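One structure is given here, and the rest of the page talks about it.
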2 protein chains.
Amino acid sequence: MFHHIYYIYILIYNMPTQAKENYLKAIYLLSRESIDVSITELSKKMCVSKPTSNNMVKKMEERGWLLYEKYKPIKLTTKGEKLGALIVRKHRLTEMFLSKVMGFGWEEVHDIAEQVEHISSIVFFDRMDKILGFPTLDPHGSPIPNREGEVLKVNYLKLGSIKEGQKVKLRGLENSSKDLLLYLNKKRIKLGTVLLIRHIETFDNSFEVLLEDNSTIVLTFDVCQSLLVEEI
Amino acid sequence: MFHHIYYIYILIYNMPTQAKENYLKAIYLLSRESIDVSITELSKKMCVSKPTSNNMVKKMEERGWLLYEKYKPIKLTTKGEKLGALIVRKHRLTEMFLSKVMGFGWEEVHDIAEQVEHISSIVFFDRMDKILGFPTLDPHGSPIPNREGEVLKVNYLKLGSIKEGQKVKLRGLENSSKDLLLYLNKKRIKLGTVLLIRHIETFDNSFEVLLEDNSTIVLTFDVCQSLLVEEI
DNA sequence: CATATTTGTTAGTCTAATCTAACTTATTAT
DNA sequence: ATAATAAGTTAGATTAGACTAACAAATATG
């Protein structure tokens, strides 16, 4: 008689709250960067106390989204992995939509997407996807997981590992901090920009780079390590 | 020394949570319909118990959003009125965006907007507004409050109050329930549709209406009371 | 190896938002 | 005018998500 109510209860129980979605996303992204996700690591990423993340991890384990043993790294289950990927999918699709359809700059999209990603409507994101022509990369060159949570493996190199004289195209960013994005704007560098490494200064590892407009700019090694490129 | 922290605290304290935004919106909309908002009324609208809405109303009064005296109707303050209007603004701008830019049907937009309206980014909604060309009405003909929370007064008539022989144009809806919208879709009636009242059946008050394609449809009085029209 | 440091856990508190049960105060109807 | 009904309130409980203080366990370091 009350089977329906039972199933609805189970359904709601298994829906991540906004907070849990954020934890899930954090664990997912850290894992993807091959970082061991400890309770401490997670609490740092989420800006919460250790007991808070500890507690959250236990609740998420109960829901079958991850496995955790004291002092061992947190491991997402298949279910948790998929949930995490789908949140990242919503985030990156939104970023792409904000950029391509609504005309926002790549430095503006993250903060807005951070809120939009928690919208549950599936049709909403499917429509974005369709309007965008089913993109595979977001405005920062990061891959958009597909509807099954599967991610295209992209294999770009850090500019810092490229040799003098090489010509490369900017394909992605290792970190998409607003500061970096604004810096790149100022230097007129965007995805697809062609860079020729004219000289690497051995003293401080800074890169002298020639742009297509024949202007030369100098990038610190730190910045170079944030730029993912493809040799051309 | 800690003045900044104090101000940030005050700022956050004065930001409505998602729940409070929903209460504010409900009170705002009920007030606009000239309905006396009692604790009971509010609890019904919000689908919560009376103690819950009672409690919430007290908290909102503390924040200076409304005035309440036992057994008397809830009255929004200027601040509360504006906050409420701005949430409705976000909701209706979103509906318009979903309809005009993303191609959703007018029966689909409400549920999605219900979530999007809680996004705090101001630039996000301003951009929607700009892309839409600063619309004043949503896809159901309801007015979109401006950035100051001011609302254009629209003065449409209920179809039910129109006399036989009159020709009218559909301008808005008294209630935008999904059922009504789907029904109107089926009858091929949308905003702007011209209706000629051919005959009013005295027996059940049903309206025999001629459409521009020369087809005749019969609308119950209830449906007629939900249709806001302009005489032409 | 012993100690210091880092990591994780426990216990207890807090706020927001919800509930139920039981009660009080108005209003309405007979 | 009084009893019945509706409206509002109080008290106490719950859950999610956060905190601090204090302690325990593992790892790292001198």
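Throughout, a chain's letter reflects where its sequence line sits, starting with A, and its residues are numbered from 1. All of these numbers come straight from a predicted model, not from anything done at the bench.
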>> Rounded to whole Å, how long is the line connecting atom CD of B:Glu69 with atom C1' of C:dT25?
In response: 15 Å

> Is there any ring-ring contact (aromatic ring centres under 6.0 Å, His included) pair reaching into residues 104-163 of chain B, and which pairs are they, with sequence neighbours excluded?
Replying inline: B:His91-B:His110

>> According to side-chain hydrogen bond (donor to acceptor under 3.5 Å, both in side chains), does anything in residues 74-90 of chain A pair up with another residue at least two apart or in another chain? List the pairs.
In response: A:Arg89-A:Asp129

>> I need a per-nucleotide contact map over nucleotides 13-24 of chain D, read 5' to 3'. Cutoff is protein heavy atoms under 4.0 Å; write B for the base, S for backbone only, - otherwise.
In response: ---SSSBBB---

> Taking only residues two or more places apart in sequence, or in another chain, which ones meet B:Lys45 in a side-chain contact (heavy atoms from CB on, under 4.5 Å)?
Replying inline: B:Ala26, B:Leu30

N/O contacts under 3.5 Å, protein versus nucleotides 2-6 of chain C?
none

>> Looking only at side-chain N and O atoms, does B:Ser177 offer a donor or acceptor that is under 3.5 Å from a partner on B:Asp179?
In response: no

> Hey, can you pull the residues of residues 29-43 of chain A with a non-hydrogen atom under 4.0 angstrom from DNA chain C?
Replying inline: A:Ser38, A:Ile39, A:Thr40

> Got a sec, which residues hit side-chain contact (heavy atoms from CB on, under 4.5 Å) with B:Lys58, two or more places apart in sequence or on another chain?
Replying inline: B:Asn54

>> Can you list everything that forms a side-chain contact (heavy atoms from CB on, under 4.5 Å) with B:Val101? Sequence neighbours excluded, please.
In response: A:Val101, B:Phe97, B:Ile131, B:Leu132

>> Please classify the nucleic acid contact of A:Lys58 as base, sugar-phosphate, or nothing, using heavy-atom distances under 4.0 Å.
In response: sugar-phosphate

>> Tell me every residue that passes salt bridge (Lys or Arg N to Asp or Glu O under 4.0 Å) with B:Asp222, counting only those two or more places apart in sequence or in another chain.
In response: none

>> Please list all pairs meeting side-chain hydrogen bond (donor to acceptor under 3.5 Å, both in side chains) that have one or both residues in residues 119-128 of chain A, counting only residues at least two apart or in different chains.
In response: A:Ser120-B:Gln115, A:Asp126-A:Arg147

>> Between P on C:dA17 and NE2 on B:His118, what's the gap in Å once rounded to a whole number?
In response: 12 Å

Could you give the side-chain donor-acceptor pairs of residues 64-72 of chain B under 3.5 Å, partners two or more places apart or in another chain?
none

>> List the residues meeting side-chain contact (heavy atoms from CB on, under 4.5 Å) with A:Asn155, not counting sequence neighbours, and say none if there are none.
In response: none

